[in-house]
Each structure stands twice: as structure tokens, then as C-alpha cells.
Trainee: 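Structure incoming, see below.
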Amino acid sequence: MTLTPGVDAPTWPAEFAERYRAAGYWRGETFGGMLRERAAAHPDRTALVDPAPERRTWTYRELDERADRLAAGFLARGIRKGDRVVVQLPNVGEFVEVVFALFRIGALPVYALPAHRETEIAHFCSFTGAVAYVVPDAHDGFDHRALASLMRERNPALQHVFVVGDPGEHTALSEVPCEPAGPFDGPAPHELAFLQLSGGTTGLNKLIPRTHDDYMYSLRGSNEICGVDAGTRFLVVLPAAHNFPMSSPGWLGALYAGGTVVLAPRPDPATAFPLVERERITMTGLVPPLALVWTDAAPATAHDLSSLELVLVGGAKYSESAARRLEPALGCRLMQVFGMAEGLVNYTRLDDDTETVVTTQGRPISPDDEIRIVDDEDDDVPEGEFGHLLTRGPYTIRGYWRAPEHNARSFTGDGFYRTGDIVRRLPGGHLVVEGRAKDQINRGGEKIAPEEVENIILAHPAVHDVSVVAVPDAYLGERSLAYVILRTDAEPLTPVAVKRFVRERGIAAYKVPDLVEFVDAFPQTGVGKISKKHLRSAAEPS
Ligand SMILES: O=C(O)c1cccc(O)c1O
């Protein structure tokens, strides 16, 4: 198995790679090497805090040693460079240990979210040919070991299940570590580090192949913009596997800078505010609905939030009025971030004025992030006008993993990624996100591909046709609504029955339609295609 990105996915042409190296963006670092260097430079500094249920801490030396021993244990069990390992862990210290162990041997973590269920995990396991699956025993009332047993039955390639906690019939992660036998034959910096998940527009998630070189650059650039340094104490509030809390600047950025990462088991103020106080948190990242909850809760809290210096908000549309309220309520700076796991990340800047921070979604990390804003024919729109955002650059992928047909649609011939977002650019380079051209629902930062949910509902014997669309929601930004046409000969269904059917198929709860409406026909466009735009506007509150 080779890890060269060009084999399983298109990579940067040689002249671009040379330019990015010459410009100092790609410095030849790997994640395994990075942790090793930090552990040598400041072994006794605290790298990681897992506060629940009992507070555990890891110094840089301890995290480094633990990654070595776990890597040796994985190797001893036959996990090799290039193998894929589905990692589905909540915000626990073992998540960080496991991914650094995999980085060190060059096996690729596939970042599942804790909310994923049978549908998603089955896809990750079979599509990637994963050899191992790492899970908690149970989380949020769901037994991951039972799901893991099912996955093993169905996927002969899946040889190992490692469990954090009570292993049941599987292997306890705590039994894996052993004495490292010599240095690891780890990955090269231009090779893949992991597979991140796309939000998806067509059915199941696409996988995003990120290299050590390119991701490391996005961390370094993010750290510089956000002022992350050794004094940073970063609270991971969102699920740690999400690209935003991982890299913008996230827990990997904080570790890169020699700071301290604190993992919040839940994102609510009742959990997070005491952690901010106790751990003297300086920085965190929130999706807009959470930012709203924090903003509302902060003025009345008895907890001391004065250590907070910067809160990043991104992942979905953040209303200007909500953005205006954050700084006064939390007593810290706000930064908007508009990013994507495929690459490009935009930030407002620490020296931007308030108007810019509350009304724009920022500008790119890199001077070599190329931005095009185009019309439906891929022609540039006049400066300042809205259009489709295309981008290319030193940390934006050139193609999804093993998806040539999808890549032909999602990338231009000259390698620009079609983000699916509608934006305009202000004279200073800041982008304003107007909306979205891609068929995707953004439910408070969780991205939903309508087609995936539609395919599940279509499997119901009483359903003739279905269209899932976004409807505006004051709290989440958007919620999902399924318009369902029943078969004429079918018994009537209730909305609850449709939702239960979707849930019982085994899918992340955030994808279950919030609303279900039965209709006789969908609005049609000129060419007889269902008009999603029309359905959306039919659902707007009048
Ligand atoms: O995927 C995202 O929504 C996202 C948002 C902010 C920052 C990021 O890096 C992201 O990937």
C-alpha cells in the first residue's frame, strides 16, 4: 500500500508543490515528528487535559511516550503504514493518543463523528477497507461495541476493534500498548496523514485526503492569525473529529504551538463555563447556535470567564445581530471563521474593526490561496458581486479519495475546488457568504446531504417520492424538512412514523428530518426537476 496522495486521489502538480515548498508553506514536518520535537523541547509542559469524569493530564513527554507505545502495539497487531483505521471517539484523551499513534506509523485515521451510526460507519469501513475501528464502550446511551460487532461480521478486512472502556467481546485499547521496538518507518511529509469527512451533497460522505505538509501549514497559518502560542489554553467544545476544532486553530494548532488542550465532554455552558474558570481557558471555537447559548448564559453566570481572550465562531451562518452581542457578553474578542475540511479557511483578523468582524466571514489564511468568484458558466463576476466560490491553494485538496467521477464535477480542469458556496469579496479581500449553491443542509454546523436522507425515506414501502430541503430556523440557522408523497394505495403515515423509520435505519440523529410534510406533488422547475429552491421558499415563514 502506498501513501502517495496521487495514487488514491489527485494531488498537486509538481510545479505547485515546488512553489509551496519554496515559499516555506510546506516545511517537511510530520505530525509524529512534531510531537517528538515538542516533547524534546518542553517535556514537562501540559499538553492535554481530559477533565471528566476524573481529571487526567498528559505532559508533552507523556503524550509522546504514550503515542510510541500505542504505535508499537498497533504494529504488533498488524496495523501497517497506509492502513485505514476508523476512529469514532468522543472528546476523550484517548482520541489524541490514538491519532498520534496512527500518525507515527503512517496508518490513516478516518474521522467518524460520535453521532454516526450504522449507515455512516458501514460506509467508512467498506469504502476505505478499514482494518481497525476504535470506539468508546458506550456514549450518549449508544453501545458502540454492538455496532462494532456488526461491522466485523460484514467486513472481512476489519480485523480489530479497540474499545476505550469495557471492551465486551473486543480488545481494550488499554491492552494495546507495548514497548517500542526501534524507530518507526513513518510517513513522509508529502504523504497522507488522515482522511477527513466532507459535508457531502450526494449521498454518502466523500473522504478528504490531507497530507502532513498541507495540514501542518493550515495550522501554522491559523496559529499566526489567531495568536496561538505556548500560553494558549484551548478548549475543545465541538466534537474533536470535526475539522474546525481540530485545525482552526483547534487542538492540533494548540499542540503545534506548545500550548495546552482541554477536552470538554459536552458543549453546554453548564459543562463548559466551570472548565473555562478552572482551566483558565484562553481560546475556543463554537458553531453559531452554541455561540448564541453561551452569549445568553454568560451575563448571569457565577463562573469567572475572564481568562477567555478569543472565541472563534464558524461552521454555519452567524447572524450579524448575534455576532454583535458576543464580545460584550463574553468579555473577549470574536473572530469569524469560514472554512471547509477540503482546505480553504478564512478568518477575520485580530486587528479588524468590529464592523468587519460582525459582517464578514474573513479572508484566506494564505497569500497563495487563490480565490475565484464566478457565474454559472465559470466566468469571473465583476469585483464585489456575488458568485460561486472556487479555490485552489497550498492546503486545499485537488480531489477526494477514490472518487474520480465526483472529482470531475467538484474540481475545475485546472484544479480549483468548487466549494458550492455563494460569496462576494469586499475591497479588503474579506468574503461575505451569501448562501449555498450545493444541495446541502447546514443544521447548526452539521452538514446534511439531502440525497442520503431521501434514499433512506424512499425505502419505506408507503413512500412514492420524497424531497428533503432546508428551512430557516432562528436557533440552528437551518433545519431539515422532508416533503413526502405517499403511494396512492398506501395507508396514511404520520410524521413521527417517518422519523422513526429513518432513525431505525441507523443514521446520525442530526440527519433525521426535523419536520415531515405530506404533499400531493412537488413544485417543478422548467425541465421537470424538483425545484428545491421552490420547496425551500414554500417553507419560509410568511
Ligand atoms: O467545515 C466547516 O464548516 C469549518 C468551519 C470552520 C473552520 C473549519 O476548518 C471548517 O472545516
Side-chain angles (χ1 to χ4, degrees), residues 111-113 115-116 193-201 205-210 214-226 228 234-254 256 267 283-291 310-318 323 334-349 357 360-366 369 389 391 393-397 400 410 417-423 430-433 435-436 438 440-449 470 476-478 508 510:
Y111 293 127
L113 297 173
H116 286 146
F194 53 79
L195 298 173
Q196 184 56 280
L197 307 184
S198 77
T201 53
N205 295 81
K206 299 291 173 295
L207 297 172
I208 299 169
R210 301 291 299 258
D214 90 76
Y215 210 68
M216 206 74 83
Y217 172 48
S218 81
L219 299 180
R220 220 172 38 245
S222 297
N223 281 355
E224 198 171 309
I225 290 163
C226 302
V228 178
F234 189 91
L235 186 66
V236 184
V237 170
L238 302 170
H242 263 293
N243 196 62
F244 173 21
M246 186 178 296
S247 65
S248 299
W251 55 271
L252 276 176
Y256 187 90
M283 196 180 296
T284 191
L286 303 173
V287 288
L290 263 180
L310 180 65
V311 170
L312 294 115
V313 178
K317 187 166 177 54
Y318 191 35
L334 164 68
M335 189 181 276
Q336 289 209 50
V337 48
F338 161 49
M340 51 208 75
E342 286 83 355
L344 180 71
V345 181
N346 304 274
Y347 295 98
T348 59
R349 296 304 199 265
V357 172
T360 83
Q361 282 64 57
R363 59 186 171 84
I365 292 176
S366 177
D369 280 322
L389 171 63
T391 187
Y395 60 97
T396 296
I397 58 164
Y400 292 99
S410 299
Y417 169 54
R418 299 182 188 276
T419 66
D421 297 299
I422 307 286
V423 306
H430 285 63
L431 301 178
V432 177
V433 181
R436 184 180 60 227
K438 61 192 166 196
Q440 187 180 78
I441 299 165
N442 189 332
R443 190 180 186 280
E446 296 291 6
K447 319 296 193 297
I448 304 168
L476 290 168
E478 292 179 350
Y510 65 82

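Every number for a ligand or one of its atoms is a count from 1 in the order of the listing.
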Trainee: Testing Lys447, Arg436, Lys317 one by one against Glu478 for a salt bridge (Lys or Arg N to Asp or Glu O under 4.0 Å), which residue passes?
Mentor: Arg436
Trainee: Is the closest heavy-atom distance from His242 to ligand 1 below 4.0 Å?
Mentor: no
Trainee: Mark up the atoms of ligand 1 that fall under 4.0 Å of a heavy atom belonging to Val337, in ascending order.
Mentor: 6 (C), 7 (C)
Trainee: What I want to know is whether Asn243 and ligand 1 share at least one N or O pair that is separated by under 3.5 angstrom.
Mentor: yes
Trainee: Write out the residue and atom name of the closest protein heavy atom to atom 1 (O) of ligand 1, then the distance separating them to 0.1 Å.
Mentor: Gly339 O, 3.7 Å
Trainee: Taking only heavy atoms of Lys447 into account, list the atoms of ligand 1 that are under 4.0 Å away from them.
Mentor: 1 (O), 2 (C), 3 (O)
Trainee: Starting from atom 9 (O) of ligand 1, find the nearest protein heavy-atom neighbour and note its residue, name and distance.
Mentor: Ser248 OG, 2.7 Å
Trainee: In chain order, what residues pass the side-chain hydrogen bond (donor to acceptor under 3.5 Å, both in side chains) check against Arg363, with sequence neighbours excluded?
Mentor: none
Trainee: Determine the interplanar angle of the Phe194 and Tyr215 rings, folded into 0 to 90°, and report it as parallel if under 30°, tilted if 30 to 60°, perpendicular if over 60°.
Mentor: perpendicular
Trainee: Would you give the length of the straight line joining atom CE of Met216 to atom OH of Tyr256, rounded to the nearest 0.5 angstrom?
Mentor: 6.5 Å
Trainee: Going by ring-ring contact (aromatic ring centres under 6.0 Å, His included), name the residues that satisfy it together with Phe234, two or more places apart in sequence or in a different chain.
Mentor: none
